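Worksheet: one structure, shown below.
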Amino acid sequence: MNSITEEQVVSLAPDAASLKAGKALAVENKWLTLAFNDRVLWGEVQGSGKDPYRTQIDLGQMASKCSCPSRKFPCKHGLGLLLLFAKPSPAFQSPPEEPAWVSEWMDKRQTKAEKAAEPVVASPATDEQKEKDRQKRQQERLRKVQGGVTELGQWLRDMVRTGTLNVPERGYRHFDQTAARMVDAQATGLANAVKAFNTIPYAGSDWQSQVLEQCTRLFVWTEAFKNLDSLPIPVQEDIKTALGWSRSAKDLDAEGEVVTDDWLVLGRLTREEERITVQQNWLWGHQTNRIALVLNFAYQNAGIETPLVPGTSSRAELRFFPSAFPFRAIVGNHSGYSNLDTPPPAFANWLKAEAFLNQIWLAQPWADQIPLWIQTVSLVRVGDQWLLRDTENRVVPLSEEFYEMKIFHLLALGGGNPLTLSVRYSDGTVYPLGIWLDDQYQLLPS
């Protein structure tokens with residue numbers, strides 16, 4: 001590992017509480033041992049028990065292990081160790097040999113990775129049975145989704161026929177019940193779209209247009225699914241994805257496009273959805289100028305091990321899911337971490353960025369959460385709303401998720417000067433992810 005900054009360590013934290021506790025542990029005198037070599041970082045810290053906790057970080061994969069009872073990755077001890085390493089601290093030693101508890105863990109990880117890379121040899125009969133089982137599951141899934149689409153189509157027609165004036169009076173329960181039916185039909189994408197009716201600000205002045213827009217989106221999805229067989233294969237995959245028809249990583253082995261590049265992790269956001277942690281990583285390829293979204297999921301308090309460090313570049317293979325616009329991907333082989341040292345080819349203004357977005361939407365109308373580079377933009381405030389204004393005086397509003405403290409942080413970094421930013425574009429707004437400043441890429445608080 002060439003280097004890691006405090007901001008990059010912060011981006012690895014599973015939650016605010018873990019980060020706060022980790023910062024409290026980033027003090028030399030709280031650690032009994034501190035050491036590292038080219039592949040692993042380790043330390044021992046006294047906990048509440050008799051024996052110290054043993055903490056270790058795989059620097060190649062950014063994976064962690066600790067003898068503490070926490071189920072988070074990294075735990076507070078792992079974060080404290082990384083934060084201390086980022087300073088850097090003179091207390092870290094580089095011994096000629098690793099302790100047995102460190103080398104055993106690292107050797108097991110290496111053996112597991114080597115086995116995973118070995119080709120699986122199966123008999124033709126086994127492969128044939130697996131394919132039959134897979135097709136049977138797909139047909140059962142198709143039957144359930146078709147039932148959900150038919151029911152939702154009738155629900156939409158009833159809503160439009162009776163008008164939208166009474167939508168605010170229907171309450172959360174009305175939409176939650178329909179969303180639950182879509183979950184039963186294994187169409188979680190439709191379920192989330194139905195739940196979105198509960199997030200519309202009905203106290204505002206334009207809620208009716210937002211209701212109609214959401215109805216239109218659902219109608220297009222349901223009609224597209226009814227005509228699925230007549231559409232090109234990549235578009236079929238996009239529609240299935242929009243409806244919540246997920247694909248496993250194994251399905252991509254023979255189908256997914258593989259792109260090898262130096263991938264910069266522009267930013268990471270993590271959110272909770274009904275006991276499921278969803279981690280979003282936006283990537284940009286140095287040579288190919290490709291963009292990608294890597295999603296990771298964890299149930300309840302399970303940790304997520306991601307071999308990507310926000311704000312750094314890694315030489316990696318990305319395997320893209322089939323799509324009319326391949327965007328979502330999974331990470332394959334990767335090596336090394338480095339910082340971006342050359343400015344990216346950013347769009348000169350919002351008009352050029354919009355032209356790029358239109359090309360994407362022509363291929364894949366449901367594409368969202370798209371990362372962009374934009375240069376020479378300034379933060380301006382109009383009334384209660386913050387916007388990014390380009391040199392042509394065009395403006396794009398900031399996402400409401402990018403709240404005021406983050407705005408002040410960005411203002412302080414820019415010092416009132418025009419900015420070159422990486423942003424996530426979604427539904428007409430942008431969320432700044434990072435800034436090109438002082439000849440380097442710097443993450444913004446997530």
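Basis for what follows: all heavy atoms, side chains included, without hydrogens, waters or symmetry-related copies. Quick caveat: nothing in here was measured; it's all calculated off a predicted structure.
Ring-plane geometry between Y202 and W207 is classed as perpendicular, the angle between the planes exceeding 60 degrees on a 0 to 90 degree scale with a lower cut at 30. Under the 30°/60° scheme for interplanar angles, the aromatic rings of F175 and W155 are found to stand perpendicular. Classified by interplanar angle (parallel below 30°, tilted 30° to 60°, perpendicular above 60°), the ring pair H77/Y53 is tilted. Between Y431 and F402, the angle of the ring planes goes over 60°, which puts this pair in the perpendicular group of the 30/60° scheme.
Under the 3.5 Å distance criterion, the side-chain polar atoms of N166 are left unmatched by any main-chain donor or acceptor of E169. Between the side chain of H334 and the backbone N or O of G60 there is at least one donor-acceptor pair closer than 3.5 Å. A donor-acceptor pair is defined here as one N or O able to donate and one able to accept, closer than 3.5 Å; such a pair exists between the side chain of Q214 and the backbone of A193. For the pair E392 (side chain) and V395 (backbone), a donor-acceptor distance under 3.5 Å is absent. Side chain of K87 to backbone of A26: a donor-acceptor contact under 3.5 angstrom is found. Looking only at distances, a side-chain donor or acceptor of D390 sits under 3.5 Å from a matching main-chain atom of W350. R389 places no side-chain N or O within donor-acceptor distance of the main-chain N or O of T391, the cut-off being under 3.5 Å. Here the side chain of T5 pairs a donor or acceptor atom with the backbone of Q8 at under 3.5 angstrom. Remark: the backbone N or O of V309 is not paired with any side-chain donor or acceptor of R268 at under 3.5 angstrom.
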Checklist entry - Going through the checks in order, is the side-chain contact (heavy atoms from CB on, under 4.5 Å) test met by L269 and W282? => result CA-CA 9 Å; L269 293 178; W282 289 275; 3.8 Å; yes
Checklist entry - Between Y337 and V265, does a side-chain contact (heavy atoms from CB on, under 4.5 Å) hold up when you go through it step by step? => result CA-CA 11 Å; Y337 298 91; V265 186; over 6 Å; no
Checklist entry - For Y441 and S422, what are the C-alpha separation, side-chain angles and deciding distance, and is it a side chain to side chain donor-acceptor pair (under 3.5 Å)? => result CA-CA 9 Å; Y441 182 69; S422 68; 2.7 Å; yes
Item to check | salt bridge (Lys or Arg N to Asp or Glu O under 4.0 Å) evaluation trace for R161 with D158 | outcome: CA-CA 5 Å; R161 184 173 59 252; D158 291 344; 2.5 Å; yes
Next on the checklist: Checking I435 against L444 for the side-chain contact (heavy atoms from CB on, under 4.5 Å) test, could you report, in this order, the C-alpha distance in whole Å, the side-chain angles of both residues, the deciding distance, and whether it holds?
Outcome noted: CA-CA 7 Å; I435 181 173; L444 294 173; 4.1 Å; yes
Item to check | Check against side-chain contact (heavy atoms from CB on, under 4.5 Å), K20 and K76 | outcome: CA-CA 8 Å; K20 182 179 179 180; K76 63 181 181 180; over 6 Å; no
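When ring centroids are compared, F320 and F327 stay outside the 6.0 Å threshold. Aromatic ring centres of W284 and W373: separated by under 6.0 Å.
Between Y425 atom OH and I360 atom CD1 the span is 11.0 Å, to the nearest 0.5 Å. Atom CD1 of residue I4 and atom CG of residue L12 lie 5.5 Å apart, to the nearest 0.5 angstrom. Here the CG-CG distance, from L318 to N333, works out to 11.5 Å after rounding to the nearest 0.5 Å. F85 CZ to E6 CD: the interatomic distance, rounded to the nearest 0.5 Å, is 14.5 Å. Annotation: the span from S323 atom OG to D238 atom CG amounts to 3.5 Å, rounded to 0.5 Å. One finds the CD1 atom of I200 at 8.5 Å from the OG atom of S209 (value rounded to the nearest 0.5 Å).
The residues R424 and E401 are annotated as salt-bridged, a charged nitrogen and a carboxylate oxygen being separated by less than 4.0 angstrom. In this structure, D176 does not pair ionically with R173, as no charged nitrogen and carboxylate oxygen lie closer than 4.0 Å. Classification of E140 and R143 as a salt-bridged pair holds, one side-chain N sitting under 4.0 Å from a carboxylate O. Note on R217 versus E213: salt bridge recorded, some NZ/NE/NH1/NH2 to OD/OE distance being below 4.0 Å. With salt bridges taken as basic N to acidic carboxylate O contacts below 4.0 Å, none links E237 and R328. Residues D58 and R109 are paired through a salt bridge, judged by an N-O separation under 4.0 Å between the basic side chain and the carboxylate. Between R290 and D261, none of the side-chain N atoms (NZ, or NE/NH1/NH2) sits under 4.0 Å from a carboxylate O, so this pair counts as no salt bridge. Look at R181 and E151 and you find a salt bridge, because one of the NZ, NE, NH1 or NH2 atoms lies within 4.0 Å of a carboxylate O, short of that distance.
Side chain to side chain, E223 and N227 fail the donor-acceptor criterion of an N or O pair below 3.5 Å. Under 3.5 Å, the side chains of N281 and Q279 contain a donor-acceptor pair of N or O atoms. Using modelled atom types and a 3.5 Å distance limit, the side chains of S313 and D262 yield no donor-acceptor pair.
Within the 4.5 Å cutoff, the side chain of L387 has heavy atoms near those of the V382 side chain. Side-chain contact between L266 and I291: absent, with no pair of heavy atoms (C-beta onward) separated by less than 4.5 Å. Taking 4.5 Å as the limit, some side-chain heavy atom of V259 sits within range of a side-chain heavy atom of T288. A heavy-atom distance below 4.5 Å is not found between the side chains of C66 and R54. At least one side-chain heavy atom of Q208 sits under 4.5 Å from a side-chain heavy atom of L165. Side-chain contact check for Q56 versus L41: every heavy-atom pair is 4.5 Å or farther apart. At a threshold of 4.5 Å between non-hydrogen side-chain atoms, the residues P14 and T270 do not count as touching. Within the 4.5 Å cutoff, the side chain of F347 has heavy atoms near those of the L372 side chain.
In terms of heavy-atom proximity, F225 sits nearest to Q146 at CE2-CG, 3.6 Å. Looking at every heavy atom in both residues, Q236 comes nearest to D229 through NE2-O, 3.9 Å. Contact record, L283 with P371: O-CG, 4.4 Å, taken as the closest heavy-atom pair. Counting all heavy atoms, side chain and backbone alike, T420 lies closest to T376 at OG1-N, 4.1 Å. The shortest heavy-atom contact between G428 and V396 is O-CG1, 3.8 Å. In terms of heavy-atom proximity, A179 sits nearest to K195 at CB-CG, 3.7 Å.
By the 6.0 Å contact criterion, NZ on K406 is enclosed, its count of non-hydrogen atoms from other residues, nucleotides or ligands being greater than 12. Taking a 6.0 Å sphere around CG of D427, one finds it holds 12 or fewer heavy atoms contributed by other residues, nucleotides or ligands. At most 12 heavy atoms of other shown residues, nucleotides or ligands fall within 6.0 angstrom of atom CD in E400. By the neighbour-count criterion of 12 heavy atoms within 6.0 Å, atom CD of Q440 is densely surrounded, having more than that number from other residues, nucleotides or ligands.
Both cation-pi conditions hold for R141 and W245: the charged atom is under 6.0 angstrom from the six-membered ring centre and inside a 45 degree cone around its axis.
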